[in-house]
Every structure is written in C-alpha cells, then in structure tokens.
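Note that this is a predicted model, so its numbers are computed, not measured. Counting from 1, the numbers follow the sequence of the chain as shown. Side-chain atoms are counted along with the backbone in the values below, which use heavy atoms only and exclude waters and symmetry mates.
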Amino acid sequence: MTSTSSQTSPLRVADLGTLAVMAFSGEAPDGDMPYLLAYSLGDGQGGPEGSAAAIRQLLTDNGMPVGETLIDGSQHPSLPLTLLVEGGQAVVRMPHLNAQCLAPPEWLAAVGERGYAYFLFATRAWPVAEPGKPVAPEDLTAFAGDEGTLLSAAHVLLPARSLRG
C-alpha cells in the first residue's frame with residue numbers, strides 16, 4: 001500500500017536561483033505607475049523549471065497567489081513583504097529575499113505621488129536581465145508584458161515606506 005503526502009516540502013533557497021529586482025515606471029490612465037519586477041535568472045539547482053516551482057512555493061507560503069489576483073498590500077498588514085524607498089533606492093524584503101536596486105528619478109517621482117508600487121514577482125526565469133547590466137526597453141516590455149509572465153506571477157500593490165515616517 002502506498003500513500004501520498006499532501007504536505008509541501010520545505011523551500012530550498014538554492015532552488016530559487018539568483019533573484020533580482022528592477023524598478024521602472026510606465027504610463028497608466030491616471031499618471032505614471034511605479035513598477036517593481038522581481039525575477040530569477042533560473043540558475044538554481046533545478047534550472048529554470050526548478051526556480052519557477054521554488055518561487056511559486058515561496059509566494060504561496062507567504063500569502064501571495066500566483067495568477068491574475070491583485071493584492072492590495074495596504075489591506076493586508078500581515079503580508080510579509082515590505083518596500084522601503086530611501087536614498088534613491090528601492091529595498092524589497094520578504095522571507096528569503098532582501099533586494100535593493102537603484103530607482104530611476106521618474107520611478108521615485110511616481111512612487112512619491114502614489115505612495116505605492118506595483119510589485120510583480122515573476123515565476124518565469126529571465127536569464128537575459130543580469131543584475132547590474134542595462135536591459136533594453138523592448139526586452140523589458142517583451143518579458144514583463146508577456147501574458148505567460150503575467151499569468152504566472154504574483155501581483156501586489158505594495159505600500160512604500162521611508163525612514164522619514
């Protein structure tokens with residue numbers, strides 16, 4: 001007789017691969033929208049598929065569904081995801097992820113105006129976008145705007161905090 005366990009295995013951080021966060025802004029009907037894109041290079045021990053599965057588990061374990069659901073972080077104070085904007089940088093923290101990136105001036109202006117950023121955590125690997133190297137706008141649009149990326153990502157309106165209360 002065999003039995004199947006319904007429990008998920010513990011997250012192996014090495015399976016996530018190299019994680020990165022990128023800040024950019026885009027036009028929206030009500031003004032510029034500040035976006036934060038988190039993604040993996042897909043270089044974890046299980047390759048791109050293993051990284052995608054590990055990220056999906058990380059998101060689910062932390063209350064962030066993958067798919068079309070948009071979570072308003074201001075309505076979920078226990079969400080273990082935070083955004084600190086300070087000194088021209090965006091700092092994102094959640095279990096197993098502490099990342100910071102330089103934010104362009106237009107992103108800083110948009111997040112200052114709105115008080116939040118649209119956080120998109122992609123489960124799909126994006127090996128083209130190496131941290132610290134420029135990404136062509138058309139490559140960013142092709143990845144972040146791709147239906148496959150959007151439907152397999154977590155979407156959160158993430159309140160921005162600063163050290164100056």
Side-chain angles (χ1 to χ4, degrees), residues 2-26 28 33-85 89-101 103 107 110-111 114-132 135 139-162:
T2 60
S3 64
T4 309
S5 172
S6 62
Q7 294 180 344
T8 59
S9 58
L11 178 69
R12 292 173 8 125
V13 176
D15 289 339
L16 295 170
T18 304
L19 297 176
V21 174
M22 176 185 303
F24 63 97
S25 60
M33 175 66 75
Y35 293 96
L36 282 172
L37 172 63
Y39 59 94
S40 172
L41 296 182
D43 57 355
Q45 292 180 352
E49 294 81 18
S51 292
I55 291 169
R56 192 173 291 107
Q57 180 181 346
L58 171 69
L59 294 169
T60 303
D61 288 352
N62 287 287
M64 291 174 269
V66 172
E68 297 180 59
T69 303
L70 176 62
I71 295 178
D72 183 347
S74 68
Q75 301 301 310
H76 299 277
S78 63
L79 191 67
L81 175 64
T82 61
L83 169 60
L84 175 68
V85 179
Q89 296 194 350
V91 180
V92 177
R93 291 191 177 141
M94 67 181 287
H96 306 291
L97 172 66
N98 290 311
Q100 65 184 41
C101 64
W107 186 91
V111 82
R114 290 183 182 267
Y116 63 87
Y118 191 117
F119 181 71
L120 179 76
F121 201 139
T123 61
R124 281 182 60 193
W126 194 25
V128 173
E130 295 181 47
V135 174
D139 291 339
L140 174 60
T141 300
F143 180 78
D146 181 78
E147 184 177 12
T149 300
L150 294 171
L151 292 176
S152 63
H155 304 260
V156 180
L157 293 179
L158 189 55
R161 294 175 174 83
S162 70

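A side-chain contact (heavy atoms from CB on, under 4.5 Å) with P65 is found for exactly one of L59, I71, T60, L70, namely I71.
Counting all heavy atoms, side chain and backbone alike, P80 lies closest to P95 at O-CD, 3.3 Å. Contact detail for W126 and L41: the closest heavy-atom pair is O-CD2, 3.5 Å. Here the closest heavy-atom approach between residue S74 and residue P159 is recorded as N-CG, 3.7 Å. When all heavy atoms of A154 and M64 are compared, the closest pair comes out as CB-CB, 4.1 Å. The minimum heavy-atom distance between P48 and A125, with the atom names listed, is CB-CB, 4.1 Å. Scanning all heavy atoms of the two residues, the minimum distance from A144 to L120 falls at O-CD2, 4.3 Å.
At distances below 3.5 Å, at least one donor-acceptor pair connects side-chain atoms of D43 with backbone N or O atoms of T18. Between the side chain of H155 and the backbone N or O of G67, at least one donor-acceptor pair lies under 3.5 Å. Judged purely by atom type and a 3.5 angstrom limit, H96 has no side-chain atom pairing as donor or acceptor with the backbone of I55. Checking side-chain atoms of Y39 against main-chain N and O of A129 turns up a donor-acceptor pair under 3.5 Å.
Side-chain atoms of V21 and V91, non-hydrogen and from C-beta on, never get closer than 4.5 Å to each other.
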Set out, in order, the CA-CA distance, both residues' side-chain angles and the distance that settles side chain to side chain contact (heavy atoms under 4.5 Å, CB included) for L58 and V13, then state yes or no.
CA-CA 9 Å; L58 171 69; V13 176; over 6 Å; no
Apply side chain to side chain contact (heavy atoms under 4.5 Å, CB included) to V135 and F24, showing your working.
CA-CA 11 Å; V135 174; F24 63 97; over 6 Å; no
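To the nearest 0.5 angstrom, Q45 atom CD is 5.5 Å from D15 atom CG. Of the inter-residue distances, the one linking Y118 atom OH with S25 atom OG reads 15.5 Å to the nearest 0.5 angstrom. Going from atom CG of L81 over to atom CG of N62 covers 8.5 Å, rounded to the nearest 0.5 Å. Note that CG of L97 is 5.5 Å distant from CG of L19, once rounded to the nearest 0.5 Å. Interatomic distance, CE of M22 versus CZ of F143, reported as 9.0 Å (0.5 Å rounding). Here the CG-OH distance, from L83 to Y116, works out to 13.0 Å after rounding to the nearest 0.5 Å.
Listed by first and then second residue, the side-chain hydrogen bond (donor to acceptor under 3.5 Å, both in side chains) pairs involving residues 142-154 are T123-S152, R124-D146, R124-T149 (not counting sequence neighbours).
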